[in-house]
Undergrad: 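What follows is a single structure, and I will ask about it in a moment.
If you read the sequence from its start, that first residue is 1, and numbering goes on from there.
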Amino acid sequence: LSKHFGDNKAVNGVSFDIKEGEIFSLIGPNSSGKTTIVKSIIGLLQPTSGSIRVGGHDVMKDPLSAKALLGYIPDEPSIWPFMTGEEFLYFTQALFGVEEKTRAKNIPKLLDIFSLQGVEKQYFQDYSRGNKQKFSIISAASHNPKLLVIDEPIVGLDPTGAEIAKKMFVDFKNAGGAVLLVTHTLSVAEEISDRVGFLKNGTLLAVGTLSELREKAGLPHT
């Protein structure tokens, strides 16, 4: 995958795969190309060259089939201010084709993940940054996607919320889902990732388990 903005090679020949039942973390400093890769995967940017496949569907050639398998958690939750959390969960499920009789049944289970009962009928404009992020996380999983694409998921969450989110991602992986976790925080990736890719200046420098990468770098195992 390559994505250029004029002379700026934001992503330069990056290739990786994510397996079912795996959390793959893409780590790199700011402006390393992480968000450009995410936006290309979810179809907000068109690659300069290369291709992206989700569940065998090309994101550019068959976008509806590819996006139907995706759940996206952005780094900054951006939701209509006069929609309630409950309405947003219902809307997201409808958007992804969840049967009408199932949508309402799912909502209490989703709210229970972060104990959001009691705030679901408030408008998004009245939520704290953390609650906006929590609704963004549970809505991304509300239609049972095959791949979760997560851009800096822990930002804005309190310590308890962060632990719940990490457990949710691990549970999703253990149920056979695939997770792409994009972050510049090594500790989060180290805790829950199966494999890690290090990105710098739009180039993927290394991919492997943390144990493999430590061995290549001549560092002691921990």
Undergrad: Between E163 and P159, is there a donor-acceptor pair closer than 3.5 Å when you use the side chain of the first and the backbone of the second?
TA: no
Undergrad: Is K34 reaching over with its side chain to a backbone N or O of I27, donor-acceptor style, under 3.5 angstrom?
TA: no
Undergrad: What closest approach, in Å, do Q117 and P108 show between heavy atoms, and which atom pair accounts for it?
TA: NE2-O, 4.2 Å
Undergrad: Is a donor on one side and an acceptor on the other found under 3.5 Å between the side chain of S32 and the backbone of P29?
TA: yes
Undergrad: Can you hop from L69 to F172 via hydrophobic side chains spaced under 4.5 Å?
TA: no
Undergrad: State the CG-CG distance between N131 and D126, to the nearest 0.5 angstrom.
TA: 11.0 Å
Undergrad: Report the distance from atom OG1 of T36 to atom NZ of K9, rounding to the nearest 0.5 Å.
TA: 15.0 Å
Undergrad: Out of F124, Y123, F88, which one pairs with F135 under the ring-ring contact (aromatic ring centres under 6.0 Å, His included) rule?
TA: F124
Undergrad: Stepwise, does the side-chain contact (heavy atoms from CB on, under 4.5 Å) test hold for F24 with V207?
TA: CA-CA 10 Å; F24 182 91; V207 175; 3.7 Å; yes
Undergrad: Can you confirm whether the side chains of D151 and T35 place a donor and an acceptor under 3.5 Å from each other?
TA: yes
Undergrad: Between the side chains of E22 and K173, is the shortest nitrogen-to-carboxylate-oxygen separation below 4.0 Å, so that they form an ion pair?
TA: no
Undergrad: For the residue pair P47 and I52, what are the closest heavy atoms and their distance?
TA: CG-CD1, 4.2 Å
Undergrad: Are I107 and E120 side-chain neighbours, meaning at least one heavy-atom pair lies under 4.5 Å?
TA: no
Undergrad: Have a look at I37 and tell me which of L45, L204, V11 forms a side chain to side chain contact (heavy atoms under 4.5 Å, CB included) with it.
TA: V11
Undergrad: Quick one: do L116 and I164 end up in the same hydrophobic cluster if we chain Ile, Leu, Val, Met, Phe, Trp and Tyr together by side-chain heavy atoms under 4.5 Å apart?
TA: yes
Undergrad: Do the side chains of V170 and I23 get nearer than 4.5 Å, heavy atoms only?
TA: yes
Undergrad: Between R129 and E76, is there a side-chain N and carboxylate O pair less than 4.0 Å apart?
TA: yes
Undergrad: Tell me whether L26 is reachable from I192 by hopping between hydrophobic residues (I, L, V, M, F, W, Y) whose side-chain heavy atoms are closer than 4.5 Å.
TA: no
Undergrad: Could R103 and Y90 be counted as a cation-pi pair, given that NZ or CZ must be under 6.0 Å from the ring centre and within 45° of the axis?
TA: yes
Undergrad: Would you call D17-K19 a salt bridge at under 4.0 Å N-O?
TA: yes
Undergrad: Starting at CD1 of I42, measure out to CD1 of I73 and round the result to the nearest 0.5 Å.
TA: 11.5 Å
Undergrad: Hey, could you give me the CD/CE distance between Q125 and M83, rounded to the nearest 0.5 Å?
TA: 13.0 Å
Undergrad: Show the numbers, then the answer: is there a side-chain contact (heavy atoms from CB on, under 4.5 Å) between I150 and L180?
TA: CA-CA 6 Å; I150 310 166; L180 172 60; over 6 Å; no
Undergrad: Check step by step if side-chain contact (heavy atoms from CB on, under 4.5 Å) holds for V119 and E86.
TA: CA-CA 9 Å; V119 302; E86 184 178 58; over 6 Å; no
Undergrad: Quick check: does any side chain N or O of H4 sit under 3.5 Å from a backbone N or O of N12, one acting as donor and the other as acceptor?
TA: no
Undergrad: Got a salt bridge between D62 and K67, using NZ or NE/NH1/NH2 to carboxylate O under 4.0 Å?
TA: no
Undergrad: Please confirm whether K3 makes a cation-pi placement over F5, using NZ or CZ under 6.0 Å from the six-membered ring centre and within 45° of the ring normal.
TA: yes
Undergrad: In the structure I gave you, are the side-chain heavy atoms of F96 and F91 within less than 4.5 Å of one another anywhere?
TA: no
Undergrad: For residues A141 and M168, report the shortest heavy-atom separation together with the two atoms involved.
TA: CB-CE, 3.5 Å
Undergrad: Is the side chain of D112 donor-acceptor paired with the backbone N or O of S115 at a distance under 3.5 Å, no angle test?
TA: no
Undergrad: Can you list the steps and then say if L199 with V14 is a side-chain contact (heavy atoms from CB on, under 4.5 Å)?
TA: CA-CA 9 Å; L199 194 69; V14 168; 3.9 Å; yes
Undergrad: Heavy atoms only: give me the nearest S15-L1 pair and the separation to one decimal.
TA: OG-N, 4.4 Å
Undergrad: Shortest non-hydrogen contact from S136 to P77?
TA: CB-CB, 4.1 Å
Undergrad: Do the non-hydrogen side-chain atoms of L89 and L111 ever get within less than 4.5 Å of each other?
TA: yes
Undergrad: Using 0.5 Å steps for rounding, measure from the CD atom of E191 to the CG atom of L181.
TA: 11.0 Å
Undergrad: Side chains of S211 and T209: closer than 4.5 Å at any heavy-atom pair?
TA: yes
Undergrad: Under the side chain to side chain donor-acceptor pair (under 3.5 Å) rule, what do E152 and T183 come out as? Steps first, then yes or no, please.
TA: CA-CA 5 Å; E152 298 292 357; T183 183; 3.1 Å; yes
Undergrad: Let me confirm one number: the NE2-CG distance from H143 to L95, rounded to the nearest 0.5 Å.
TA: 9.0 Å
Undergrad: Can M60 be reached from L70 by stepping across I, L, V, M, F, W or Y side chains whose heavy atoms are under 4.5 Å apart?
TA: yes
Undergrad: Could you tell me whether the side chain of Q133 and the main chain of G130 form a donor-acceptor pair under 3.5 Å?
TA: no
Undergrad: F198 and V38: same hydrophobic cluster, using ILVMFWY side-chain contacts below 4.5 Å?
TA: no
Undergrad: Specify the closest pair of heavy atoms between A178 and I18, including all atoms of both residues, with the distance to one decimal.
TA: CB-CG2, 3.8 Å
Undergrad: Please determine whether the number of non-hydrogen atoms from other residues, nucleotides or ligands lying under 6.0 Å from atom NZ of K39 exceeds 12.
TA: no
Undergrad: If we ignore hydrogens and angles and just use 3.5 Å, is the side chain of S193 paired with the main-chain N or O of V196 as donor and acceptor?
TA: no
Undergrad: When you compare the side chain of K134 with that of I113, does any pair of heavy atoms fall below 4.5 Å?
TA: no
